[in-house]
Every structure is written in structure tokens, then in C-alpha cells.
Amino acid sequence: MKKDDYHFKIANREALIGVGLVVFNFIWWFAFAYGLGSKDPAEYTYVFGFPAWFFYSCILGFIIMAVLVTFIVRKFFTEIPFEDEGDNK
Amino acid sequence: MTLEAIIPLFIFLVIIFVVGVLAGRNLKASSNFLNDYFLGGRSMGGFVLAMTMTATYGSASSFIGGPGVAYNEGLGWVLLAMSQVVTGYFVLMILGKKFAIVTRRYNAVTMVDFLKERYRSKWVVLFSAISIIIFLFSAMAAQWIGGARLIESLTGLSYTAALFIFALSVLVYVTIGGFRAVALTDAIQGTIMFVGTLVLLIATIIAGGGISEIMADLTAENPNLVTPFGAEGTLTPAYVSSFWILVGVGVVALPQIAVRAMSYKNSQSMHRAIIIGTIVVGFIMLNMHLIGVFARPILPGIEVGDKVMPLIALEAMPPWLAGIVLTAPMAAIMSTVDSLLLLVSSTIVKDVYLNYIQPKASHTRVKRMSIGITAVLGIIVFLMALNPPELIIWLNLFAFGGLEAAFIWPIVMGLYWRKGNKYGALVSMIVGVGLYILSDTFFPQPLGLHSVVLPVVFSFVAYVMVSLATQKKNAGI
């Protein structure tokens, strides 16, 4: 049962990381979209042809999430076996 | 449409067909048929897992409907669509290793198996199984109609003939190949979706004279098209944000997605799938919806949103390339339909028949039942899609939201909260589905939110309160 607790502890931690990533993702997406996008379209600035709000919220936001997810999974996710080994079945 | 454009579509269908049939071959020697047929023997690697999740999720609505709405609403709809990036990592992280370990221990083959072992309640199982069969069957019928319409509009065949071609190609490989065939063909279909949208996006940008030019044209037509608020300014932040629940985190509770979170081989394949899945989902959703927006200045005045995607492909590219790229929406539809078909079949065979009708069925009988039910279901959907009943269309509207409202807490809290019990789960499911259908029918957009949000909140409250209130009762048993 000890090994069980250890495995579930890892699983719980990784689920919490998932929640944390969603919260971060949402704040980034929301803040740039409505922070920069709420003014008059005539005053918009443009990045690579896109309105700045769209570029930062949707394009950069996606790239940041992809990099962050890759980094976190590589760095903080632990490999554990899924099968019950041996005779504890 | 010219012959040059039709040929790639048929080559695609043939390849999918062959791969599906080949994948089914090793089922013959299987010693654990149910596990192999409905779950691919839990052997999926990272790439196939990521692709099958993405492709199952990216359906007719995101591939045909999505660009059409983006065409009419502008960048605000792309913003909304980007809430789906979340599905790439959230599903596998939240169900995660706990789901993998627990479902292996329970020997669960379906999501309902998990609920059955976790809550040990006949009513939870029956209510779940019935919701899955009703909702997903309707969703599946709607997708078949979409698939047939697409073939119809691309080839000029009649609707019936188009439906027949579509049904035959899907039905054969799903029926004889099971989950492995579905996952492998999904991997091919997902790759086509990925490459197809990229090629089409580039062609569209070139046809529109560059991004700056397109943005200037859009602003000149209606400045709202380049704001986050939609063409009429009706996309409020609250409404758009609530799609984070419907098409973002809520996706965890869709049975066809959750079942994939028990199909992978090991931690390593899960890790790889999270990374690949996030990139692929985000990339496809961004490109797909941008194509819809960018198509507007190039082809103004398209009235039927569903036609934006095929028309822009034919406008911006030579016919043979358009034909290849237009296999992408075909792939999106097929990869969703095949998974739904298998899932409804597994619900009937495993969750209803083996649980309550004939628990002692022999190996051969289970095998015959599984293949038989899958085929019969396919034929029923085919007949329904020929002349779709109103009820199916109506139910399809509720399919995803309804399943999310029903299952999100029984699954997530069932995994992570020990005190959750069958009373909480059952009340939570009934409150979720009931409230969602009522709210969507009578109070669409309560408080400016999408109608799925409040039912998800209330079903959470119901789950926790009822579970806590019945602690003693449960302990006494």
C-alpha cells in the first residue's frame, strides 16, 4: 500500500499542475484579448499584420503554452508503472 | 468540381479502408477480446494517442461549421476557438496517471466500467449508459449527415449515394478492426488535418495579398471583424469565456475522450501525448478558424457558412491540391464518427449486456455480439441519416454539453475525493443533464453565460452536498 500512496501522490500533484496551467492559460488569453482589444479598432496597433490583442492572446499565447507544457512535462512529470506488479492483486 | 479534385478523396478513402482492415487482423488471435476490441489492448503510444484524441475531438463542427462562423464573426470567433488548446493537455493531466492506474486495477474497458466499480450502483451505471447511448447516438447521426453532405458537395453524387460511400468505408473498418483500427486511422486522419489546414491557410493568405492587406480589407468592411467582440459586437467576454467550460475543461467528461485516457501503454506515452496533443490541437484550431476569417475579403457574400471551407480551397488552390486539402474535413468527420460508433457499441455490449443481461456470456459469444452490435448500430445510423428524424437533430444539440454536465463530477471527484459516493454521483448526473436541457430550452445564456456553465456548477454542489449528507448511510452498508 505504501507504493500506492506514493504513486497517487505523484498523480495528484500532476493533476494540480494541470489545473494551474489552465488558470495561467486563461488569464493570459483573457488579459491580452480584452486588455488590448477593448479600445476603438482605429487605435489598434498591429504585430506581423495581426491586431496586437490577437497576436499576443491567441498566437503568442499558444506558443507560450506549447513551450510551457513541454517544459513542465519533461521536467516535473514522473514516470511510474501503471500495472500492479507481483502478488498484490 | 473536377475529376482531379475527386480522385484524392477516393484515394484517401481507400487508404483508410486498407489500414483499418489490416489493423483488425491481429484481433483474431486475441485472448482478451473485449480489452483488445474496445481499448486496443491498452497499447497506444504517444503519437497515436495524441492524434486519436485530437481527431476524435475535432469533428464536423470544428472543421466545417467553425470556419463558417469565423467567416461571419471575424477574429472574435478565433479567440473563442482558442479555448480548445486546453484540451490538449488538461484531459490527460487531470485524469492522468490516477485514471490509468485505477482503471487497470478495476479492469475497466469503458468509462462506465470505471463508474461501476467506483460507485457500485446499478442506477449510476444504467443512467450513464442510457445517457451515452442517447446523446452519442444522436451526435453520431449528425456527423454522418455532415460527412455525406461533404461528399455530396465535393463530388456531385446524390445525398443517398454519398451517404452510402461514407457509411460503407467507416463501417467496415470499425466493425472488423475495433479500437486499434480507429486509433490508427485517426492518426492518419489527424496528420491530414494538421497538414491540410496549414497548406490551406498559406494559400489563403497568398490569395488575400498578405495578412496586413486582409486585415485592412476586413477593417474597411466592418471594424468589428478585427475586435474580440464579433461582427455585431455580441460576443461578450462572459459568453466567450464560458466556452472554456464547454469546449475546454469540460471535454474531460466526454466518454469518447475519457476512454482514450485509459488506452495508453505507459507514462512515457502519456507524456509524449500531452506535448504533441497541445501543439496539434492549438495549431489546427488556430489555422482552421483563421482560414474562415481570411476567406471573407477574398470571397465575400457566402451565405451558407458550411460552404466557406470547400469554396476557399477551390478558389485559392489548383483543383488537385484542393482535392487533397479537402480530405481534411472528411478525415475530421470520419475520425469522430468511428470513435463514437465504437463507444456506443461498447456501452451496449459491455455496460448493459454483460452487466445485466448475460454476465456469463462465453468468449465467442462476446466476440460475435461486439462485432454484430457495432455493425447493426452502423446500419441503424445509416438508415436514420437517410431521413433524419427531428428528435435526433434536437438531441444532438445537447449531446456534448449534456454529457459534460452529467459526467464531469462523477469522474473527476470520483478519482480525487474519497468521500464522493453513489448518491452524490447519481444526483449530480440528474441535476446536470436535467438543468442543462431545461436551461438551454427556456433560459439560453443565463447571466450572459453559455447554458452549460450553471448546470456544471450546480451538479458540483449537488455532488458534494449529497455525498456528505449520505456519509453515514453509506458507511452503514
Side-chain angles (χ1 to χ4, degrees), chain A residues 4 7-22 25-26 29-30 32-42 44 46-51 53-55 57-59 61-74 76-84 88-89, chain B residues 42 75-76 78-79 81-83 85-86 88-105 205 210-215 219 223-229 237 240-241 244 248-249 264-268 270-272 274-275 277-279 282-283 285-286 290 412 415-416:
Chain A
D4 232 36
H7 286 167
F8 283 155
K9 219 170 167 176
I10 290 174
N12 291 352
R13 193 188 65 198
E14 292 178 1
L16 282 176
I17 292 178
V19 175
L21 279 170
V22 169
N25 195 171
F26 179 78
W29 171 91
F30 191 95
F32 278 109
Y34 297 106
L36 293 175
S38 294
K39 51 189 170 192
D40 187 336
Y44 278 179
Y46 288 81
V47 184
F48 295 113
F50 291 100
W53 70 265
F54 183 82
F55 178 80
S57 172
C58 294
I59 299 177
F62 164 50
I63 296 171
I64 297 261
M65 283 319 293
V67 171
L68 198 61
V69 164
T70 309
F71 174 76
I72 285 180
V73 168
R74 291 253 163 86
F76 298 105
F77 275 44
T78 323
E79 288 195 17
I80 52 173
F82 295 150
E83 320 280 347
D84 290 325
N88 56 351
K89 219 174 182 183
Chain B
R42 298 181 209 271
L75 289 179
V78 188
L79 176 71
M82 286 312 278
S83 57
V85 175
V86 171
Y89 57 90
F90 189 71
V91 174
L92 280 174
M93 284 187 182
I94 209 78
L95 295 177
K97 289 169 184 158
K98 187 128 185 198
F99 201 53
I101 296 171
V102 170
T103 52
R104 274 173 166 77
R105 190 166 302 164
I205 293 176
I211 298 172
S212 300
E213 180 82 25
I214 294 174
M215 288 300 151
T219 317
N224 283 341
L225 291 169
V226 299
T227 69
F229 303 106
V240 174
S241 299
W244 279 68
V249 296
Y264 48 89
K265 204 184 336 177
N266 50 31
S267 298
Q268 209 184 352
M270 173 204 170
H271 295 170
R272 286 192 61 194
I274 292 178
I275 297 172
T278 307
I279 295 172
F283 194 81
M285 291 303 163
L286 181 64
L290 272 180
V412 174
L415 273 178
Y416 295 103

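Proteins get letters first, then strands, A, B, ... in listed order; numbering begins at 1 in each. Excluded from the calculations below are hydrogen atoms, water molecules and symmetry mates; all remaining heavy atoms, backbone and side chain alike, are included. If you're wondering where the values come from, they're calculated on a predicted model, not measured in any experiment.
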_Trace of the side chain to side chain contact (heavy atoms under 4.5 Å, CB included) decision for Trp53(A) with Leu79(B)_ = CA-CA 10 Å; Trp53(A) 70 265; Leu79(B) 176 71; 4.1 Å; yes
Contact winner vs chain B - [options], heavy-atom pairs under 4.5 Å:
options: Ile80(A), Leu16(A), Ile59(A); result: Ile80(A)
options: Thr78(A), Ile10(A), Ile17(A); result: Thr78(A)
options: Trp29(A), Phe50(A), Phe8(A); result: Trp29(A)

Rounded at 0.5 Å granularity, tell me how far [atom1] in [X] sits from [atom2] in [Y].
X: Lys97(B); Y: Glu79(A); atom1: NZ; atom2: CD; answer: 7.5 Å
X: Met270(B); Y: Phe82(A); atom1: CE; atom2: CZ; answer: 6.5 Å
X: Lys98(B); Y: Lys9(A); atom1: NZ; atom2: NZ; answer: 13.0 Å
X: Cys58(A); Y: Leu290(B); atom1: SG; atom2: CG; answer: 8.0 Å

*Checking side chain to side chain contact (heavy atoms under 4.5 Å, CB included) for the pair Phe26(A)/Val86(B): CA distance, chi angles, key distance, verdict?*
CA-CA 9 Å; Phe26(A) 179 78; Val86(B) 171; over 6 Å; no
_Which atoms of Val91(B) approach chain A - backbone, side chain, both or neither, heavy atom under 4.5 Å_ =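 Contact with chain A: none, neither part.
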*Segment of Leu286(B) engaging chain A (4.5 angstrom heavy-atom cut-off)*: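 When you check distances to chain A, only side chain atoms of Leu286(B) fall under 4.5 Å.
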*Using the side chain to side chain contact (heavy atoms under 4.5 Å, CB included) rule, take Tyr416(B) and Asn12(A) through it: C-alpha gap first, then chi angles, then the decisive distance, then the call.*
CA-CA 8 Å; Tyr416(B) 295 103; Asn12(A) 291 352; 3.2 Å; yes
*Kindly indicate, with the supporting measurements, whether the criterion side chain to side chain contact (heavy atoms under 4.5 Å, CB included) is fulfilled by Ser212(B) and Tyr46(A).*
CA-CA 9 Å; Ser212(B) 300; Tyr46(A) 288 81; over 6 Å; no
*Counting distance only, does the side-chain N/O of Thr278(B) pair as donor-acceptor with the main-chain N or O of Ala66(A) below 3.5 Å?*
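Side chain of Thr278(B) to backbone of Ala66(A), a donor-acceptor pair under 3.5 Å: no, none is there.
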*Pick whichever of Gly282(B), Ala81(B), Ala100(B), Gly76(B) has the most heavy-atom pairs under 4.5 Å with chain A.*
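If we count pairs closer than 4.5 Å to chain A, Gly282(B) comes out on top.
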*Given Asn25(A), Leu68(A), Val73(A), the one that forms side-chain contact (heavy atoms from CB on, under 4.5 Å) with Tyr89(B)*: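 Of the listed options, the one satisfying the test is Asn25(A).
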*In terms of heavy-atom proximity below 4.5 Å to chain B, should Ser57(A) be classed as side chain, backbone, both, or neither?*
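Ser57(A) touches chain B through side-chain heavy atoms alone.
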*Segment of Phe77(A) engaging chain B (4.5 angstrom heavy-atom cut-off)*: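 Contact with chain B: backbone and side chain both.
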*asked:* Below 30° counts as parallel, above 60° as perpendicular, anything between as tilted: where do the rings of Phe229(B) and Tyr34(A) land?
replied: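 Answer is tilted, since the angle falls between 30° and 60°.
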*Heavy atoms of other groups near Lys39(A) NZ, more than 12 under 6.0 Å*: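 For Lys39(A), atom NZ is crowded (more than 12 foreign heavy atoms under 6.0 Å).
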